[in-house]
Amino acid sequence: MSRTVKLFTTKSCVKCNGVKRWLDIRGIAYEVIDVTDKPDLADAIRALAADRREPCVMPLVEVHKGLGDPPVQWFDFRPDLLAEHLVAV
């Protein structure tokens with residue numbers, strides 16, 4: 001299975017650092033995308049949160065479990081979802 005993890009962050013995001021530590025401790029590879037200087041991407045992330053009627057609490061975590069499968073996404077540092085989608089695969 002080809003699994004990829006993307007972590008959309010900002011420079012001052014404390015919860016983003018928590019997610020990074022969680023992934024690092026478990027040896028899970030991830031790509032960091034800092035949206036601080038990318039206003040179009042930051043706007044798209046805010047729009048995603050608004051569409052879902054969720055607070056836009058960074059980070060945005062995106063897990064791709066394989067080809068053809070839609071990504072699983074959530075906002076905030078959620079150890080429960082990290083474990084569900086990354087440890088029990």
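What you see is a predicted model, and the numbers here were worked out from it, not measured in a lab.
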Donor-acceptor pair, side chain of Arg26 and main chain of Trp22, under 3.5 angstrom: yes

Same apolar cluster: Val63 and Val87, side chain cutoff 4.5 Å: yes

Side-chain touch Thr10/Val35, heavy atoms, less than 4.5 angstrom: yes

Steps toward side chain to side chain contact (heavy atoms under 4.5 Å, CB included) verdict (Lys6, Tyr30): CA-CA 6 Å; Lys6 293 183 180 179; Tyr30 56 94; over 6 Å; no

Heavy-atom check, side chain of Phe75 versus side chain of Ile45, under 4.5 Å: yes

Nearest heavy atoms of Pro59 and Cys13, plus distance in Å: N-SG, 4.0 Å

Close side-chain approach of Phe77 and Val61, heavy atoms under 4.5 Å: no

Same apolar cluster (I L V M F W Y, side chains within < 4.5 Å links), Leu23/Val32: yes

4.5 Å side-chain heavy-atom contact, Glu54 and Trp74: no

Approximate separation, where rounding is to 0.5 Å, of Met58 CE and Thr36 OG1: 8.0 Å

Side chain to side chain contact (heavy atoms under 4.5 Å, CB included) assessment of Leu48 paired with Gln73: CA-CA 10 Å; Leu48 175 65; Gln73 299 173 317; 3.6 Å; yes

Within-4.5 Å side-chain heavy-atom neighbours: Asp37 and Lys11: yes

Pairwise side-chain contact, His64 with Val72, heavy-atom cut-off 4.5 Å (strictly under): no

Gap separating the NZ atom of Lys38 from the CG atom of Asp40, nearest 0.5 angstrom: 11.5 Å

Carboxylate-amine/guanidinium contact Arg78 Asp80, below 4.0 Å: yes

Check ion pair Asp43-Arg46 (N to O, under 4.0 angstrom): yes

Nearest heavy atoms of Leu86 and Arg3, plus distance in Å: O-NH1, 2.9 Å

Min side-chain heavy-atom separation Ile28-Val5 under 4.5 Å: yes

Stepwise side chain to side chain contact (heavy atoms under 4.5 Å, CB included) check, Glu62 with Thr4: CA-CA 8 Å; Glu62 183 174 281; Thr4 60; over 6 Å; no

Check: Leu41 and Ile33 side chains under 4.5 Å, non-hydrogen atoms: yes

